[in-house]
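Quick notes on the structure that follows.
Note that the structure is a prediction, hence the values are computed from the model and not measured.
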Amino acid sequence: YNGWEIFNMESEMSRQHVNNKWKINKLNEEFMYSPSYPNHLYVPNAIADEELMCIFSFRSKGRIPSLTYYHTNGCAITRSSQPIVGLRNQRSSADEKLIEFILDANQKNLQSNSILYIFDARPKANALANQAIGYGFEQGYNNCRIEFLNIENVHAMKDSYQKLYAMCINKSQYDRNWLSALENTKWLEHIRVIITSACKIADLIEHECTSVLVHCSDGWDRTTQLTSLSQLMLHPHFRTIEGFAMLIEKDWLSFGHPFAVRYGQIDKPTADEHRAPIFTQFIDCIWQLTQQFPCSFEFNEKFLITIIDASYSCQYGTFLTNSLKERKELKLSTKTVSLWTELNSKRELYINPFFLPNTSVLLPSCAPDDFQLWRSYYLRWYKNKTILTPEMRAQQMQNLYDALKQRTIEAEAKLQALGEYKDSNSPLISPYIKRLNN
């Protein structure tokens, strides 16, 4: 098993059954148009290469609207960076045509009143500030509706995380005002806003049959959080161990989340101001979902914590550098071990014993009281026996599993004695019992 080979853009889009209204485009094969983007992109079949060349120069960092997820009902999640419109509200006919083709590629959008939702992850004030320096957001696009999601920028997230870190490192000093101090960090509020935004996307895709375009400023922080979270809510494949690894490979690694910059892998005096726990925040969001849907994920929290630790440690090549281009240039696949290779070799440690494959779309509650501090991650080094470590939680889950299995065996024996248990297809035997027997 070679973790470097688990993801391929063409294979993934084939698995998603992308229809013939989309095509693979290799203009960026040598990363000439967008160094931070994948070398192979999926775009509407109707768009010409000459038009795409114009669009590369109209989007920040050349990150043009591109397909990242194709839902079973024909709707699509596309992602990009902000357009370069400026105070003069510059227009690009090629960009507007691409957006129109994305709308047309939705098989459900046959009505004349169909619209494409554009989700700008930023507060509107931030988008307007960017417009003052030459960037901005989509204005005057036909059949489009833009919504600002009010997710704060990386500097706000960094400040929030630093306050949370100070709390957890010096927990004894905050015992008397722990809850107010936690609220002051705004960490859980940021988590709630991100998950609420992802829910909006998933709900539109599933229930309104509406395709969406998601972007923020450069389209590699908040955009990545939202597209990957919404995919995980929409499709059960991404809630398995292999599927989750492929989701990270696709939306975080191939689409160029700058891990080296965000984690300070490059030793430069200015590096610190660009550091931000964006990926850690995403994994925290996943953990929050596992608390609301404990049987819908194949992996446990030890799996999530191991991934976070690996993203910081630089022990594996998976999270090194800022882009696919840089990893290819450094030939990391031949010089380093992939994290997924390591995790697969110890797969049994990361299995959720209560996992039941669930094909339903997961739309979690976003009420403020449904979010909690991930104690076994943020407080795992606190010297207090009342704090459950991931290992202790995993052992508790295993003990519960073993106890349930024993109760199941006893219940089956009683049913057999009563003559009411005939075979494994009996309606008296629940899916849980069948899984425990396996």
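To the nearest 0.5 Å, atoms CD1 (Ile286) and CE (Met233) are separated by 7.5 Å. Rounded to the nearest 0.5 angstrom, Ser333 OG and Lys328 NZ are separated by 7.5 Å. Atom CD of Gln90 and atom CD of Gln131 lie 10.5 Å apart (nearest 0.5 Å). Between the OG1 atom of Thr306 and the CG atom of Leu349 there is a distance of 8.0 Å, given to the nearest 0.5 Å. Here CZ of Phe319 is found 6.5 Å from CD1 of Ile307. Values are rounded to the nearest 0.5 Å. Rounding to the nearest 0.5 Å places OG1 of Thr72 at 6.5 Å from NE2 of His235.
Atom NZ of Lys186 has 12 or fewer neighbouring heavy atoms from other residues, nucleotides or ligands inside a 6.0 Å radius. The 12-atom threshold is exceeded at CD of Glu189, counting heavy atoms of other residues, nucleotides or ligands nearer than 6.0 Å. Atom NZ of Lys97 sits in a sparse spot, with 12 or fewer heavy atoms from other residues, nucleotides or ligands closer than 6.0 Å. The local environment of CD in Glu30 is sparse, with at most 12 non-hydrogen atoms from other residues, nucleotides or ligands closer than 6.0 Å. More than 12 heavy atoms of other residues, nucleotides or ligands shown are found within 6.0 angstrom of OH on Tyr1.
Not one N or O on the side chain of Ser254 forms a donor-acceptor pair closer than 3.5 Å with the backbone of Tyr37. In this structure, the side chain of Gln288 engages the main chain of Gln372 through a donor-acceptor pair within 3.5 Å. The backbone N or O of Leu149 lies less than 3.5 Å from no partner atom in the side chain of Arg222, so there is not a single donor-acceptor pair. With Thr210 contributing its side chain and Glu208 its backbone, the two residues share a donor-acceptor pair below 3.5 Å. Looking at Trp340, its side chain never comes within 3.5 Å of a backbone N or O of Glu5 through a donor-acceptor pair. Glu326 contributes a side-chain N or O that, together with a main-chain N or O of Asn322, makes up a donor-acceptor pair within less than 3.5 Å. Put simply, the side chain of Gln225 gets close to the backbone of Ile278: a donor and an acceptor are under 3.5 Å apart. Checking side-chain atoms of Asn8 against main-chain N and O of Ser11 turns up a donor-acceptor pair under 3.5 Å. No donor-acceptor distance shorter than 3.5 angstrom exists from the side chain of Glu301 to the backbone of Trp287, with no hydrogens or angles considered. In this structure a side-chain-to-backbone donor-acceptor pair under 3.5 Å is missing from Thr68 to Ile77.
Under a cutoff of 6.0 Å and an axis angle of 45°, Arg15 and Phe238 form a cation-pi pair. Cation-pi geometry between Arg262 and Phe279 is not met at under 6.0 angstrom from the ring centre and within 45 degrees of the axis.
Screening Cys54, Ser80, Pro65 for a side-chain contact (heavy atoms from CB on, under 4.5 Å) involving Asp95 leaves a single residue, Pro65. Exactly one of Thr240, Ile241, Ile248 qualifies for a side-chain contact (heavy atoms from CB on, under 4.5 Å) with Phe244. That residue is Ile248.
Using a 30° and 60° split on the angle between ring planes, His257 and Phe259 fall in the perpendicular class, above 60°.
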Inset, instruction - Could you go through the side-chain hydrogen bond (donor to acceptor under 3.5 Å, both in side chains) check for Ser60 and Asp218 one step at a time? - result: CA-CA 6 Å; Ser60 175; Asp218 291 322; 2.7 Å; yes
Inset, instruction - Evaluate the criterion salt bridge (charged side-chain N to carboxylate O under 4.0 Å, His left out) for residue pair Glu242 and Arg347; output intermediate values, then yes/no. - result: CA-CA 10 Å; Glu242 289 80 8; Arg347 182 186 174 90; 2.4 Å; yes
Inset, instruction - Would you please test Asp251 and Gln231 for side-chain hydrogen bond (donor to acceptor under 3.5 Å, both in side chains) and show each step? - result: CA-CA 10 Å; Asp251 275 85; Gln231 289 175 67; 3.0 Å; yes
Legend entry - Tyr312 vs Thr280, side-chain hydrogen bond (donor to acceptor under 3.5 Å, both in side chains): CA-CA, chis, key distance, verdict: CA-CA 10 Å; Tyr312 281 101; Thr280 301; 3.0 Å; yes
Inset, instruction - Go through the steps to decide whether Asn106 and Ser211 satisfy the test side-chain hydrogen bond (donor to acceptor under 3.5 Å, both in side chains), and finish with yes or no. - result: CA-CA 7 Å; Asn106 184 345; Ser211 292; 3.2 Å; yes
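Centroid-to-centroid, the aromatic rings of Phe355 and Phe297 stay 6.0 Å apart or farther. Checked against the 6.0 Å centroid threshold, Trp220 and Phe255 do not count as a close aromatic pair. Ring centroids of Phe137 and Phe148 are separated by less than 6.0 Å, placing the two rings close together. If you look at Trp252 and Phe282, their ring centroids are closer than 6.0 Å.
Lys61 and Ser36 make their closest contact through O-OG, 4.3 Å (heavy atoms, listed as atom of the first residue, atom of the second, distance).
Residues Glu12 and Lys250 are not paired through a salt bridge, judged by the lack of any N-O separation under 4.0 Å between the basic side chain and the carboxylate. Salt bridge Glu152/Lys158: absent, no basic N to carboxylate O contact under 4.0 Å. Look at Glu138 and Arg59 and you find a salt bridge, because one of the NZ, NE, NH1 or NH2 atoms lies within 4.0 Å of a carboxylate O, short of that distance.
Using modelled atom types, one finds a donor on one side chain and an acceptor on the other under 3.5 Å when comparing Ser311 with Tyr263. Checked by atom type, the side-chain pair Asn28/His40 shows no donor-acceptor distance below 3.5 Å. Side-chain atoms of Tyr377 and Asp284 form no donor-acceptor pair, as typed in the model, at a separation below 3.5 Å.
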